[in-house]
2 protein chains.
Amino acid sequence: MILDDTDRRILAVLQRDTSLPLDDIGAAVNLSRNAVWRRIRLLEESGVIRARVALLDAEKLGLGLIVFLMVRTNDHRPGWLARFAKATRDMPEILGAYRMTGDLDYLIRARVADVKAYDALYQQLTRRVDLADVSASFVMEELKDTTALPL
Amino acid sequence: MILDDTDRRILAVLQRDTSLPLDDIGAAVNLSRNAVWRRIRLLEESGVIRARVALLDAEKLGLGLIVFLMVRTNDHRPGWLARFAKATRDMPEILGAYRMTGDLDYLIRARVADVKAYDALYQQLTRRVDLADVSASFVMEELKDTTALPL
DNA sequence: GTTGAAACGGCATGCGC
DNA sequence: GCGCATGCCGTTTCAAC
């Protein structure tokens, strides 16, 4: 799908707020309500818009601590990555897991209540998959955190 | 605000999909449309629900490369952090920026088109703030990436 | 092929119980 | 927390450019 400038402006709005009426979006991009509606429909069908979700306040849910885990493994057999991937997907505190450049290096991004909860997460992970080395870094201050992609 | 089990189940649904009719959510949590609506209203007013947004497909927008930047600084004067924070907020390719434990260590999470685009980002960042040391790690494979928090 | 105006109808919103 | 009434707004139709 090829996007023009109007599509991009619509996406910019929807990345920030999907609760606006079509009329308001139309006013912002100089288009009628149903022209906007048809473009959004196409963007959804083509998969450019993956989902419409609610973003929750982690602090208010008692998840005040962000942790990054740098993981190293010795096990280079084919099954290991599959087990590691499944483990991260099964653990809801883990928000992101990435295989990185540089031989075998994995990065995990997680949200937990506190250091105690981090330890439980760590223990659970090491029980499920064999990890050669894990080093944790805790976030002291979140300077930026957004789901909005550059357009 | 105190959440009961029904609130949490509603949040679990909304974290995945906000496009469902209230009747469907009500069916999922055994509640009438109206009761669901009032709970969601309270969750929004109390700020537990921060926003409703559209998630876009990064690949389809030509942003296939995820980069993590480990940043170190020598400048411990008060103005530095403010300038660094503003720089990251101003640069739309930077999705996350975090001040970490361990003296002075910053982590940046960014989305760019390719290595060339990463270099442009790097140059732009170093032009705006003085960085002692930057090491980049590229993501080879995204095993997990979600905005849904554990409930 | 894409747009805007208008009509339709579903569903969010608000009230009374 | 539920059922019912109201009306906004998403959805569809159709004509015009």
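Letters A, B, ... mirror the listed sequences (proteins, then strands); counts begin at 1.
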**Message:** Can you tell me how far apart CZ (A:R83) and CG (A:D75) are? Round to the nearest 0.5 Å.
**Reply:**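 One finds 6.0 Å between CZ of A:R83 and CG of A:D75.
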**Prompt:** Do A:R33 and D:dG10 have a side chain to base donor-acceptor pair shorter than 3.5 Å?
**Reply:**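 Checked by distance alone, the answer is yes.
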Separation of atom [atom1] in [X] from atom [atom2] in [N], rounded to whole Å:
X     : N      : atom1 : atom2 : answer
A:D24 : D:dC8  : CG    : P     : 14 Å
B:E45 : C:dT13 : CD    : P     : 12 Å
B:L22 : D:dC9  : CG    : C1'   : 14 Å
A:I40 : D:dT12 : CD1   : P     : 14 Å
A:R38 : C:dG1  : CZ    : P     : 13 Å
B:W37 : C:dT13 : CH2   : P     : 6 Å
A:R39 : C:dG1  : CZ    : P     : 15 Å
B:R52 : C:dA12 : CZ    : P     : 10 Å

**Request:** Kindly state whether the ring of B:F84 and the ring of B:Y106 have centres lying under 6.0 angstrom apart.
**Result:**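 Close enough - the centres of the two rings lie under 6.0 Å apart.
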**Prompt:** Of the nucleotides D:dC2, D:dG10, C:dA12, which has the atom closest to the A:P21 side chain?
**Reply:**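 In terms of side-chain proximity for A:P21, the closest of D:dC2, D:dG10, C:dA12 is D:dG10.
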**Asked** If you find the nucleotide of DNA chain D closest to A:N34 and the one closest to A:D23, which residue's nucleotide is nearer the 5' end?
**Response**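 Of the two residues, A:D23 wins.
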**Request:** Give me the one residue out of B:L95, B:V139, B:T88, B:L69 that meets side chain to side chain contact (heavy atoms under 4.5 Å, CB included) with B:R109.
**Result:**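 It is B:L95, the one option of B:L95, B:V139, B:T88, B:L69 that forms the side chain to side chain contact (heavy atoms under 4.5 Å, CB included) with B:R109.
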**Asked** Within less than 4.0 Å of OP1 or OP2 of D:dT11, is there a side-chain N or O belonging to A:R41?
**Response**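 It does not, given that no N or O in the side chain of A:R41 lies less than 4.0 Å from OP1 or OP2 of D:dT11.
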**Asked** Parallel under 30°, tilted from 30 to 60°, perpendicular over 60°: which one fits the rings of B:F138 and B:Y118?
**Response**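 Answer is perpendicular, since the angle exceeds 60°.
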